[in-house]
Amino acid sequence: MKVSVITLGCKVNQYESQAMLNGLLTAGCTACDDISQSDIILINSCTVTAMSDRKVRQSVRRARRESPDAVLV
């Protein structure tokens, strides 16, 4: 399975995303930069402001539009 990770937020989010990706790679998944080719799309974010909420919603809509059959987490 191909997995893409979208990270929004601070360095802690970046670290957590990398740790989750490493776990998926260990489980046999392959990293993929193109979300339209991904079987799994992982979006990691925290939302503190209205702007960050907006960016997360945009990312979810874009991921769903570009890869409608992918598992979105």
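The distance from atom CG of Leu8 to atom CD of Gln58, rounded to the nearest 0.5 Å, is 9.5 Å. To the nearest 0.5 angstrom, Arg57 atom CZ is 11.0 Å from Ser45 atom OG. With rounding to the nearest 0.5 Å, the separation of CD1 in Ile41 from SG in Cys32 is 9.0 Å. Note: Lys11 NZ to Gln18 CD = 13.5 Å, rounded to the nearest 0.5 Å. A distance of 8.0 Å separates OG1 of Thr30 from NZ of Lys2, quoted to the nearest 0.5 Å. Here the straight-line distance linking atom OG of Ser67 with atom CG of Asp39 works out to 7.5 Å at 0.5 Å rounding.
A donor-acceptor contact closer than 3.5 angstrom is absent between the side chains of Thr7 and Asn13.
Under the rule for a side-chain hydrogen bond (donor to acceptor under 3.5 Å, both in side chains), Ser59 has no partner lying at least two apart in sequence or in another chain.
Side-chain N or O atoms of Arg61 include none that pairs as donor or acceptor with a backbone N or O of Val56 at under 3.5 Å.
Contact annotation: the side chain of Leu72 approaches that of Arg64 to within less than 4.5 Å [non-hydrogen atoms, C-beta and beyond]. Side-chain atoms of Leu21 and Val3, non-hydrogen and from C-beta on, do get closer than 4.5 Å to each other. A 4.5 Å side-chain heavy-atom check between Asn44 and Met20 finds at least one atom pair inside the cut-off. Using a 4.5 Å heavy-atom threshold, the side chains of Val73 and Ile43 count as separate.
Applying the 6.0 Å contact sphere to CG of Asp34 captures more than 12 heavy atoms from other residues, nucleotides or ligands. Other residues, nucleotides and ligands contribute only 12 or fewer heavy atoms inside 6.0 Å of the CZ atom of Arg54.
Scanning all heavy atoms of the two residues, the minimum distance from Ala70 to Ser38 falls at CB-O, 3.5 Å.
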side-chain contact (heavy atoms from CB on, under 4.5 Å) assessment of Val71 paired with Met1: CA-CA 11 Å; Val71 174; Met1 296 191 94; 5.5 Å; no
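Under the 4.5 Å side-chain heavy-atom criterion for ILVMFWY residues, a single connected hydrophobic cluster contains both Ile6 and Val60.
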